[in-house]
2 protein chains.
Amino acid sequence: MKNVNIRALARELKLSLSTVSKALRDSYEISAATKERVRALAAEWNYIPNAYASSLRGRKSKNIAVVLPEVADSFFSIAINGIEAAVKPKGYHVIIYLTHESYDGEAAILKDFQSGRVDGVLLSVSRETTRTDHVQELMDKEVPVVFFDRVLETLAAPKVVTDDAESAYKATTHLLSQGCREIAYLGISEDLYICRQRMEGYRQALRDHQLPVQPRNILTCAADATRNFQLVKKLLQRANRPDGIVASVEKLTTTVYQVCQQLQLHMPGDVKLVCFSNLEIATILQPSLTTITQPAFEMGKTAAEMLVKILEKKVLTEKDIRVVIPSELVVRGSSGVK
Amino acid sequence: MKNVNIRALARELKLSLSTVSKALRDSYEISAATKERVRALAAEWNYIPNAYASSLRGRKSKNIAVVLPEVADSFFSIAINGIEAAVKPKGYHVIIYLTHESYDGEAAILKDFQSGRVDGVLLSVSRETTRTDHVQELMDKEVPVVFFDRVLETLAAPKVVTDDAESAYKATTHLLSQGCREIAYLGISEDLYICRQRMEGYRQALRDHQLPVQPRNILTCAADATRNFQLVKKLLQRANRPDGIVASVEKLTTTVYQVCQQLQLHMPGDVKLVCFSNLEIATILQPSLTTITQPAFEMGKTAAEMLVKILEKKVLTEKDIRVVIPSELVVRGSSGVK
DNA sequence: ATGAAAGCGCTAACAG
DNA sequence: CTGTTAGCGCTTTCAT
C-alpha cells in the first residue's frame, strides 16, 4: 500500500519511533513543540496509520459488525442508520454482514469473527436460526454480542426489542373492532422468537374476545415470493376466507395486495390488513396501509450504544438486560378507516 | 480475544512455528503426516488465524469496501446481493459504507481506506460529489477502485453502468407516444453524471419529436422528502401543468403519488409517470408503476468481478474499461397502459 | 522435511 | 521529555 509510516516520520524528524507515536496520540509525555513538529510532517506527508498494525498490537479493531438477514427491508435499512448515528461519534466502523436468512451463512460469519476482525457484534438472527451455539461460542471468546429485534431469547446477552406481542395484540384488537371475525396471521418462521411473540399477541387478542384460534388461519410464509403468493391466494380463496389479516413482516405487504388484486378482493371491504412495516410507501398504496411501525432507528441506535458501552468497559453488569421500545399502530385505509 | 495461536499449536505438537504455519497453508514442503497432525489439532482447538496479523504481514486484507449513498433504495440493496454473490466464492469480505449522500462523508471514508483496511473499493458516489480528488488520491495509493452506477466519468477507473441516456430516451418517447406533450424530468442532482445522462436522454427525445425543452419542466429534487413534495406539488399545480413525468430515482415515486393524491390528480388520466426504480411494489401501486428497471444485481456482480480480477492481478490493462448493462422499460398502468 | 530468525507497523513498559 | 526495546501473530526466506 503505502510507505509513510511512523519509522519514516521519525527518521525525517530525527526522533525515535516512540516519540512520534506518542506525539500522534497526544501523549502528555511529549512537549507541545515536538507534537507540533510531528503533526505538521504527518499532515504534510499525509500519514495514515496502518489499521492492522494498531489492531494487532492493541487487540482491538474499532470495527463493529452488524449481522442482518437482509438489507432490502426498511426496518433493517433504517436500523443501520441508527447504528451508524450511535457509533460514528465514538470512532467505530460499521461493517454490515448479510445472512440472507440462512443459518449456515450466519454461523460462518460469526465464526469468522473469532479472528478478532471486529470488537463487537450487533445481531438480528436469520429466519432459520434455531440453535444458539454459534453465538454462544463467540460470546465465550469474549466478543460482546448485542441482539436487536430478532433475538435469541435464551442467551444471556443484552437485547433491544420492540413490544411484539402487545403490538400484534393491538393490531388484532383493532381489526376486531373494525368488525373482523375471521382473522389470519401471516408469519415467516415458526422458530423466530419475535414471530412467535407476535403470534402470541394475535392469539391472546382472539381469546380475549372469545374467538377461537383457528390453525387454518395461521400461515408461515417462509419461502420465495411466488410460493408465498400461492399460499396467501389459497387462504383468500377459501369458502370461509379471512376478513382480516395481520402480516408479521413488511415483505408480505406486496403479496397480500397482489393476491387481492388478482382475486378482485376489495380492501378494506372484503379483507382488512395490518402489516408490521416501516415502508414509506404505506401512504400511497390503495388503500393506504395500516401499519405497526417499529422504532427502527431507535432500536438500532440503542443497541449500538449498549455495545459501545460494553466495549468501553463501562460494563453492564447485567448481561441479559432487555430494552423494550414500543411500536406504534398507525391506522390507515387498509383496515377500513378513511 | 483468544489465545489459540500458531505458537500454541507448535508447542503442543513439538513443531516449529514455521512448520505449523506452512502446514496450515498446505505448503508442498510439509509431509502429509505432519499436515494431518497439525490440521487435526487446529480443528480440535478451534484455531482461527488472527486476521490482523496475516493482513499486516501479507499487506492484504481480503476485505473489499462497497461505498454507497444509502441502502434504503432497492437498486443498492439488490446490487449488494450481486456483489456478495461475486466475491463470497473468492473468499472476500464485503464491508458496506454509507455516505448518506454527503461528499464529506464519502471523502472521510475513502481517506480511511488508505490505512490498508480494504484491498479494493466498489464505489457509487454521493449526490453531492463533484470533485474527484478524494478518489484519485486513493487510486494513487494503489487501492483499486471500480465504479458502478454513479460513476465519476473523468477518472481512469473501470466503470459499470447502465444505459442511462437511452433508457430515459425510451421512457420519454414512450410518454410521447402515450400522448404527453408537456413532460417533466425530475432529477436529484445537477452534478451526478447519471442524472445528467438521463436528462440528456430526455432532452434528446423531446428534440427528436420537435418539442421544446422547457427549463420549467426540469426539477432537481435534492432535498428532504417534505421539500421535494412541495417542489413537485408546485409543478403539478401550474396552469400548464405537465401531463407526463420522468422521475430519475426511486425515492421520487412516493412523492409523485402523494402529490397526485393530494391534488386529486388522476394517474394516468391527468399525469403519466415513468420512474427509474427496482421497487417490487411497482405492481401493487394504483395505478401500477411504469418503471425503468435497472439490472441492479448484474451491475453489482459485474463490478465486483472486475475488482476481484484486478486484485488477483489478472490485471485489466485498460484501466478505464466501461461496461454498459442495459435497463428495461417495464410498461404498466401509470403511463396509461392497462 | 523441518526449523531459526527477521520483520510487517505500531504501542507501551521501562529507562534515562 | 525522549529513547530503547520487546513484542502483537503471522509468513517467509534461508539454513539445516
Side-chain angles (χ1 to χ4, degrees), chain A residues 1-39 41-42 45-63 91 112-119 141-142, chain B residues 1-39 41-42 45-63 112-117 119 141-142:
Chain A
M1 221 99 304
K2 220 28 226 324
N3 19 16
V4 178
N5 54 22
I6 285 196
R7 172 176 272 105
L9 294 176
R11 198 155 31 212
E12 174 77 7
L13 294 165
K14 304 205 187 310
L15 287 169
S16 75
L17 289 190
S18 53
T19 304
V20 174
S21 172
K22 286 172 189 163
L24 289 170
R25 327 199 82 235
D26 201 24
S27 160
Y28 67 97
E29 301 180 282
I30 305 297
S31 75
T34 306
K35 278 183 191 167
E36 210 25 74
R37 287 210 310 138
V38 172
R39 276 201 277 255
L41 188 67
W45 283 10
N46 190 22
Y47 164 74
I48 313 238
N50 180 300
Y52 293 111
S54 352
S55 295
L56 176 57
R57 182 66 237 250
R59 35 249 299 66
K60 60 181 68 310
S61 63
K62 281 282 186 175
N63 286 154
D112 183 65
F113 293 162
Q114 294 184 29
S115 71
R117 223 173 249 286
V118 297
D119 294 345
K141 294 267 160 81
E142 323 242 287
Chain B
M1 218 100 302
K2 221 23 228 325
N3 20 17
V4 178
N5 54 21
I6 285 196
R7 172 178 269 103
L9 294 176
R11 196 154 33 210
E12 174 78 7
L13 294 166
K14 304 206 187 311
L15 287 170
S16 75
L17 289 191
S18 48
T19 305
V20 174
S21 173
K22 286 171 188 166
L24 290 170
R25 327 200 82 236
D26 201 24
S27 159
Y28 67 97
E29 301 181 281
I30 305 298
S31 75
T34 306
K35 278 183 191 169
E36 209 25 75
R37 289 210 309 139
V38 172
R39 277 201 275 256
L41 187 67
W45 282 9
N46 190 23
Y47 164 73
I48 312 237
N50 180 300
Y52 293 110
S54 351
S55 295
L56 176 57
R57 182 64 233 253
R59 34 242 310 63
K60 59 179 72 308
S61 64
K62 282 279 185 179
N63 287 154
D112 183 65
F113 293 162
Q114 294 185 28
S115 71
R117 223 173 247 287
D119 295 345
K141 294 268 159 80
E142 324 243 286

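All chains are named by letter (A, B, ...) in the order of the sequence lines, taking the proteins before the strands, and each is independently numbered beginning at 1.
At the phosphate of C:dA12, OP1 or OP2 sits under 4.0 Å from a side-chain N or O atom of A:Arg25. Residue A:Ser31 has no polar side-chain atom (N or O) positioned under 4.0 Å from OP1 or OP2 of D:dC1. Here A:Thr34 does not reach the OP1 or OP2 of D:dC1: none of its side-chain N or O atoms lies under 4.0 Å away. Distances shorter than 4.0 Å separate none of the side-chain N or O atoms of B:Ser54 from OP1 or OP2 on D:dC10. For C:dC10, one of the phosphate oxygens OP1 or OP2 lies less than 4.0 angstrom from a side-chain nitrogen or oxygen of A:Tyr47.
Atom pair A:Arg37:CZ and D:dC1:P shows a separation of 15 Å (rounding to whole Å applied). Spacing between atom CZ of B:Arg11 and atom P of D:dC10 amounts to 12 Å, rounded to whole angstrom units. Protein atom CD1 of A:Ile48 is 18 Å distant from nucleotide atom C1' of C:dC8, rounded to whole Å. In this structure, B:Leu9 atom CG and C:dT2 atom C1' are separated by 16 Å, rounded to whole Å. Taking atom CZ of A:Arg7 as the reference point, atom P of D:dG3 lies 15 Å away to the nearest angstrom. Taking atom CG of A:Asn5 as the reference point, atom C1' of C:dG7 lies 12 Å away to the nearest angstrom. When the C1' atom of D:dT4 is taken as reference, atom CG of A:Leu15 falls 14 Å away, rounded to whole Å. In this structure, A:Glu29 places its CD atom 12 Å from P of D:dG3, rounding to the nearest Å.
Among the nucleotides D:dT2, C:dT2, C:dC10, the one closest to the side chain of B:Thr19 is C:dT2. In the set C:dG3, D:dC10, C:dC10, D:dC10 carries the atom at the smallest distance from any side-chain atom of B:Ala53. The side chain of B:Ser18 approaches D:dT12 more closely than any other nucleotide in the set D:dC10, D:dT12, C:dA1. Here the side chain of A:Leu17 is nearest to one of C:dC10, D:dT12, D:dG9, namely C:dC10.
Counting heavy-atom neighbours within 6.0 Å of A:Arg7 CZ, excluding the residue itself, gives a total of 12 or less.
Closest-nucleotide positions on DNA chain C for B:Tyr28 and A:Pro49 were compared, and the one nearer the 5' end corresponds to B:Tyr28. Remark on DNA chain D: of its neighbouring residues B:Lys22 and B:Asn50, the 5'-side contact belongs to B:Asn50, judged by nearest-heavy-atom nucleotide.
No side-chain heavy atom of A:Asn50 sits less than 4.5 Å from a side-chain heavy atom of A:Asn5. Within the 4.5 Å cutoff, side-chain heavy atoms of B:Ile30 are placed close to those of B:Thr19.
Screening B:Ile6, B:Val38, B:Leu9 for a side-chain contact (heavy atoms from CB on, under 4.5 Å) with B:Ser21, the sole residue that qualifies is B:Ile6.
Residue contacts shown for A:Ile6 are limited to sugar-phosphate atoms, with no base heavy atom under 4.0 Å away.
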Determine, stepwise, if the pair A:Glu29 / A:Ser27 fulfils side chain to side chain contact (heavy atoms under 4.5 Å, CB included). CA-CA 5 Å; A:Glu29 301 180 282; A:Ser27 160; 3.5 Å; yes

